[in-house]
Every structure is written in structure tokens, then in C-alpha cells.
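Accompanying notes for the structure given below.
Letters A, B, ... mirror the listed sequences (proteins, then strands); counts begin at 1.
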Number of protein chains: 2
Amino acid sequence: MVEKIFRSQCPISSGLDLFGDKWSLLIVRDLLYHSERTFKDFSQSSENISSARLADRLSKLEKSGFLTKSKHPTNKKVFLYHLTQKGRDLAPILAEFVCWSNKYLNDHISEESKLFAEQLKDNREQVLSKYQNP
Amino acid sequence: MVEKIFRSQCPISSGLDLFGDKWSLLIVRDLLYHSERTFKDFSQSSENISSARLADRLSKLEKSGFLTKSKHPTNKKVFLYHLTQKGRDLAPILAEFVCWSNKYLNDHISEESKLFAEQLKDNREQVLSKYQNP
DNA sequence: TATATTGCTTTCGTTTTGAAAGTTATTTTT
DNA sequence: AAAAATAACTTTCAAAACGAAAGCAATATA
């Protein structure tokens, strides 16, 4: 009845068990950058996630405590997603993805992300601190 | 004929396209920790990867330049896997996994990894520098 | 020489995925 | 007020990825 979540006691393996797929960290990325997103917003990100997959990932990330879902103040059919602290604390992982890709995929990534990688290189702590608080 | 590798120009999405699955980073982890591994060594890691999946991941990681495969000096049936610089440079990503899991999965991860997380917290640069060179 | 081991590959049933279409409640337009 | 559009999903279905197990060839060990 109780399904096993973790393959081992390794922190890397356990992290992968929670958010190690092709989509979860992209949802987190969008929320770090925009702080508030709707289902439609996520759908329109450039990686073209299918709505089935998006719905599934949002509910898993909510269940695992990475994000919260709340009602829009005026529009009844829209829901708003926000990161929790647990989700915001994934920012340093994403930052290292950015740095790695800036070094090894430099001719492929966008100019905007190269600039961001430079900022991280020069001033990691300060850049990241902006994402640590709500 | 040419298959698309990357979903977008985002450095995070592109990193996930290359090594964003449940196994690749665990192979890298083993090689960061042990510097040299055989097929059997990887098979015996505590997450129990199947041999089909392991063979597939090793060949993909080799093809993408994260690791190299070479002959054992004396034993003809054994092959040795090593990280390239490109692979070693994933260490900071793994380090952030360790820090995140130490904070949010502390009651689940091993004591050994908690110690490692503490070392990273106190002395990130020096701890990581050990993994940056061959 | 017989047995065991290594590094895979193959097979196969199950799970996960992506693409597309469908649904419901609400909001906007006419 | 009725019709059309929209948001947030859900459903369907075929394809891809996966895990477990067995099989295999070359080499090493007993």
C-alpha cells in the first residue's frame, strides 16, 4: 500500500527521486523567474509541455511541498501557483545548471542566459539571495 | 535524419536534455567519488540500476563527452570508466543536490552524506576544488 | 578442462510519455 | 441574454522508456 519514494539514502539519488525528470525543474525555473504563474503561463513556456504532463507535475510538486496553488482574487477560473521556501531553495541547483551550460553549451544557449551566467559568476551570493526570499 | 537534442535555448532545459534523468547523475556521482569504475562497480551501487539501463546510460554519457571508456591494463574483459573535465564540472550541481537534501530530507539521508553536506556548507570552494582536477 | 566472471544484449511485460481531442465552469463578446 | 471564447484541466491512445530476468561471448580462475 505504501509506495516507496526513495531508492537509497543518497542525497543525490533522493533529490532525483523527487524532481529528477525533464519537467519539474522547468516549472520551478518559471516560478523563480516570475514568482507567480498560471497553468496557461506554464503551457506557453518555450519547451511546449503537454497539458497532461503539466497537470501531473504541478500536482506532484504541490503534494511534495515545492509549490502552492491558490485562487485568483477576482477570476474564478484561474489558479495561481507560487513556490514555497522548499521550492525556492532549488535555486542554487538551477544556478549551477546555468553555469555548466554556459561553459559547455555556450554556442547553443540564449544571449540572455549567458548574461545571467556572467552575473552568477561575478556575484553568485548576491544574485542567488534575490531568489531565497518570497 | 538529424535528431533534435534540445527543447529550447534555456541552459536549464538543455542541461536536463543531456543528463536530466534518474540515472546519469548517479553514474557521475560514483565517478566523482571513486575516479575509476567498472561496469560491475556501477551495477553494485545501492540504487540497483538494471544492466540494460546502465549500458545505455554509459554509452550516452560517453557519446556526449562526460566520460571515457578505456581498457584495463591487464584484464581483457574489464573496461574502465573515467570522467572528463566536462563530467567533473557537474560536481557543483551534485553539491547543491547534497545541500538541498541535507536541509529538506535530513531524516532520510545517510549520516555520511550529512557530514559531507556540513563540509560543503563550511568550505564549499575547497571541498569542490578536489573534484575539479583529474 | 571445467567453472565462474565480466560486460554487455535480448526479451518482454509494465510504466511513462506526448499529442490531440474532449470536458466543465466561467468569463467575455455580441 | 445568448453565443463564443477561454482556463484548467482530463481522457484517450499509440509510442517510447523502463525494470527484471535471462541469455551470450570472451576471458579469467580454479
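Between H72(B) atom NE2 and dA28(D) atom C1' the separation is 12 Å, expressed in whole Å. Here dT6(C) presents its P atom at 13 Å from CG of L80(B), a figure rounded to the nearest Å. We find that CG of N48(B) is positioned 11 Å from C1' of dG19(D), with the value rounded to whole Å. Atom-to-atom, CG of D17(A) to P of dT16(C) comes out at 13 Å; the value is rounded to the nearest Å. Straight-line distance from the CD1 atom of I49(A) to the C1' atom of dA19(C): 13 Å, rounded to whole Å. Regarding K76(B), its NZ atom lies at a distance of 6 Å from the P atom of dT27(D), rounded to whole Å. Between K60(A) atom NZ and dT17(C) atom P the separation is 6 Å, expressed in whole Å.
Side-chain N/O atoms of S50(A) and base N/O atoms of dT17(C) include no donor-acceptor pair closer than 3.5 Å.
Look at R57(A) and you'll find a side-chain N or O under 4.0 angstrom from OP1 or OP2 of dT17(C). Put simply, W23(B) has a side-chain N or O that comes within less than 4.0 Å of OP1 or OP2 on dG19(D). Close to dA8(D), at under 4.0 Å from its OP1 or OP2, lies a side-chain N or O of T38(A). Under 4.0 angstrom from either OP1 or OP2 of dC8(C) there lies at least one side-chain N or O belonging to Y81(B). An OP1 or OP2 oxygen of dC8(C) is reached within less than 4.0 angstrom by a side-chain nitrogen or oxygen of K69(B).
Here the side chain of K77(A) is nearest to one of dG19(D), dA5(D), dT10(D), namely dA5(D). For K40(A), counting side-chain heavy atoms from C-beta on, the closest listed nucleotide (dA20(C), dA7(D), dA4(C)) is dA7(D). Set against dA20(D), dA19(C), dC9(D), the side chain of A52(A) has dA19(C) as its closest nucleotide.
Under the 4.0 Å criterion applied to side-chain N and carboxylate O atoms, R124(B) and E125(A) are not assigned as salt-bridge partners. R53(A) and E47(A) are not joined by a salt bridge, as no carboxylate oxygen comes within less than 4.0 angstrom of a charged side-chain nitrogen.
Using a 4.5 Å cut-off on side-chain heavy atoms (C-beta onward), L16(B) and W23(A) make no contact.
Aromatic rings from Y81(A) and F66(A) are positioned such that their centres are separated by 6.0 Å or more.
The backbone N or O of S24(A) lies less than 3.5 Å from no partner atom in the side chain of K60(A), so there is not a single donor-acceptor pair.
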